[in-house]
Amino acid sequence: MELSVLRSSLLLLCVTTIQTCHGGGQNCMDKHQLVGVLRQMEKFLKGQEMRFTEGLRIMKSKLATLQNSVSKLPQADQSAAPSVCPSLEAPVHGRKFGSKYFIGHEVHFTCSHGYHLVGPETRVCQENGSWSGVNTICKGKDVSECSSNPCQNGGTCVEGVNQYRCTCSQSWNGSNCQHQTQTAPPEWSVMNDPAFSRRPRCAKVDRAQHCSCDAGFHMSGTSDNSICQDVNECEVYRLDQGGKLCVYECVNIPGSYHCSCPSHYKLLPDGRSCEDVDECLTQQHNCSRGTTCINTGGGFQCVSPECPRSHGNISYVKTSPFQCERNPCPMESRSCHLAPKTVSFHYLSLPSNLQTPATLFRMATAAAPGRPGPDSLRFGIVGGNSRGMFVMQRSDRQTGELILVQRLRGPQDISVDVDMSEYSDRTFQAKHVAKVHILVSAYNF
């Protein structure tokens, strides 16, 4: 269509050009020029016609290939039945509910009065074209595989399709639970102690004897001569590595257990955790007048820290039970001005093996009202017997922190002296020393 329109347009252009030239137009081509133009137009039209013909041929070829592919596709089986699972019949002496057998559909079964269902109550049509479960039957209630109580030694009988299965209690196996699986007592069983043994509670049910033990006991011995032995819960948890029952010590008792705590500790309401008794708070200490009671893990200490001894122009006065202040210095005494202005005493009680790093102590400065504070502070460790167990670092502009970096195993007492130096315009102003005494308990709680 487009090719014919193009051809007609070019032909009309040529005729119009010739008529114009015959009419005396000024810009007309001579005969040879006009013949050349016509030949060029003819070649152009032939090229366009060839391209159009080739495109049409390719399109016809692709259409034929597509038709051939479609003809080879398998035909849908219009005669196939809509169901994908075989039909199911209602059990004898029973009824079936559900008539559709498509994938995912369910069929339900019930039994007539006087019969009970053996097998699944519901079966589902699965994707592989089969029904779930096994065949369902209705059996008369007076006909039971478990009616003779075939399972021994406390086993439970489970009804099946024309059969039964015994679910055996611990330490018994076999088709009727007739064999004892354990000949030696387990490690967590308390033996050879009458206080930790009980006679089992037995009863005859449908001509079979069933025996059981109280909580905290397990059956031991043979079916003819069985006995209930205590279960050592403390040992069970230790062997299973399931975590400690008690924070400190587990004590086994007949049929149960209880937790105990070391001296000077009390058992918490959860029944397993221990808490230190604060002898200082409860007035259970014997500290004399002039000393102060310091509570520790599992005990207490009576302390009365003393100020540094006087030497030269340097002397101190005790301003509180745990702080000393330096007396005024002579103007000319440089050594007095460099000595600590205050010395304070601090006591910290820690559990053994405290997780590190742990911040134990903070030092900070505070300016007196109306007076500017120092513009620079320096912190450091200046004494004690810690040997690399602590570091002192700045936490903000006005505060330094004493940090424990190594775990401490108790019981032991450790001392560490830290200082804080104040500077103003890079000029030393004063120094303060804190003597920290760390009292590590023997226990990690």
Side-chain angles (χ1 to χ4, degrees), residues 233-252 257-282 284-287 291-306 322 343-363 379-395 399-420 433-445:
E233 294 84 359
C234 305
E235 194 70 11
V236 168
Y237 273 76
R238 186 188 68 82
L239 294 174
D240 290 347
Q241 298 180 350
K244 283 187 173 183
L245 281 176
C246 304
V247 169
Y248 178 61
E249 189 174 74
C250 181
V251 180
N252 186 54
Y257 73 95
H258 69 79
C259 299
S260 67
C261 295
S263 178
H264 300 285
Y265 284 82
K266 63 181 179 181
L267 193 66
L268 291 180
D270 64 4
R272 63 179 302 269
S273 303
C274 297
E275 183 180 67
D276 174 59
V277 175
D278 191 336
E279 291 86 358
C280 301
L281 183 64
T282 57
Q284 300 180 37
H285 62 87
N286 56 0
C287 295
T291 63
T292 303
C293 179
I294 301 295
N295 185 63
T296 63
F300 63 93
Q301 288 189 13
C302 302
V303 300
S304 180
E306 296 182 355
F322 297 106
V343 178
S344 57
F345 303 88
H346 308 268
Y347 297 87
L348 306 178
S349 179
L350 297 182
S352 183
N353 284 319
L354 179 67
Q355 190 170 357
T356 58
T359 301
L360 303 182
F361 179 76
R362 288 185 174 90
M363 289 186 76
F379 300 92
I381 296 177
V382 294
N385 60 353
S386 57
R387 299 189 188 126
M389 298 176 182
F390 306 89
V391 295
M392 190 73 182
Q393 67 181 28
R394 184 193 303 272
S395 61
T399 308
E401 293 180 337
L402 178 66
I403 300 176
L404 176 67
V405 295
Q406 292 185 22
R407 293 197 176 194
L408 303 177
R409 186 183 299 275
Q412 65 170 318
D413 293 355
I414 297 175
S415 64
V416 56
D417 299 344
V418 296
D419 75 344
M420 177 181 67
V433 172
K435 292 181 174 290
V436 183
H437 299 270
I438 298 170
L439 312 172
V440 185
S441 166
Y443 312 104
N444 57 1
F445 48 83

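On a predicted model such as this, the values are computed, not experimentally measured, just so you know. All residue numbers refer to positions in the sequence shown, counting from 1.
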(request) Could you point out which residue of Ile381, Leu348, Val391 forms a side-chain contact (heavy atoms from CB on, under 4.5 Å) with Leu402? (result)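 Only match with Leu402 under side-chain contact (heavy atoms from CB on, under 4.5 Å): Ile381.
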(request) Please step through side chain to side chain contact (heavy atoms under 4.5 Å, CB included) for the pair Val440 and Asp413, ending with a clear verdict. (result) CA-CA 6 Å; Val440 185; Asp413 293 355; over 6 Å; no
Can you tell me how far the [atom1] atom of [X] sits from the [atom2] atom of [Y], to the nearest 0.5 Å?
X      : Y      : atom1 : atom2 : answer
Leu350 : Leu408 : CG    : CG    : 7.0 Å
Cys234 : Leu245 : SG    : CG    : 6.0 Å
Glu249 : His258 : CD    : NE2   : 9.0 Å
Leu360 : Leu404 : CG    : CG    : 5.0 Å

[X]/[Y] sulfur gamma separation below 2.5 Å:
X      : Y      : answer
Cys293 : Cys280 : yes
Cys287 : Cys302 : yes
Cys274 : Cys259 : no

(request) With sequence neighbours left out, write down each residue that passes side chain to side chain contact (heavy atoms under 4.5 Å, CB included) with Ser395, or none if nothing qualifies. (result)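 Thr399, Glu401.
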Distance-only donor-acceptor pairs under 3.5 Å for side chains of residues 262-271, two or more places apart:
unit_1, atom_1, unit_2, atom_2, d
His264, ND1, Glu279, OE2, 3.1
Tyr265, OH, Gly298, N, 3.4
Tyr265, OH, Ser441, OG, 3.2
Asp270, OD1, Arg272, N, 3.0
Asp270, OD1, Ser273, N, 3.0
Asp270, OD2, Ser273, OG, 2.6

(request) Step by step, work out the side chain to side chain contact (heavy atoms under 4.5 Å, CB included) result for Ile414 and Phe390. (result) CA-CA 11 Å; Ile414 297 175; Phe390 306 89; 4.0 Å; yes
(message) Can you list everything that forms a salt bridge (Lys or Arg N to Asp or Glu O under 4.0 Å) with Asp417? Sequence neighbours excluded, please.
(response)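 So Asp417 forms a salt bridge (Lys or Arg N to Asp or Glu O under 4.0 Å) with Lys435.
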(request) Identify, with sequence neighbours excluded, every residue that meets salt bridge (Lys or Arg N to Asp or Glu O under 4.0 Å) alongside Arg407. (result)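 Arg407 satisfies salt bridge (Lys or Arg N to Asp or Glu O under 4.0 Å) with no other residue.
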(request) Compute whether any side-chain donor of one residue and acceptor of the other, for Asn295 and Gln301, lie under 3.5 angstrom apart. (result)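 No donor-acceptor contact under 3.5 Å links the two side chains.
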(request) Identify, with sequence neighbours excluded, every residue that meets ring-ring contact (aromatic ring centres under 6.0 Å, His included) alongside His346. (result)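 Once residues adjacent in sequence are excluded, the partners of His346 under the ring-ring contact (aromatic ring centres under 6.0 Å, His included) criterion are Phe361.
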(request) Check ring-ring contact (aromatic ring centres under 6.0 Å, His included) between Tyr347 and all other residues, then give those that pass, not counting sequence neighbours. (result)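 In terms of ring-ring contact (aromatic ring centres under 6.0 Å, His included), with neighbours along the sequence ignored, Tyr347 is linked to Phe322, His437.
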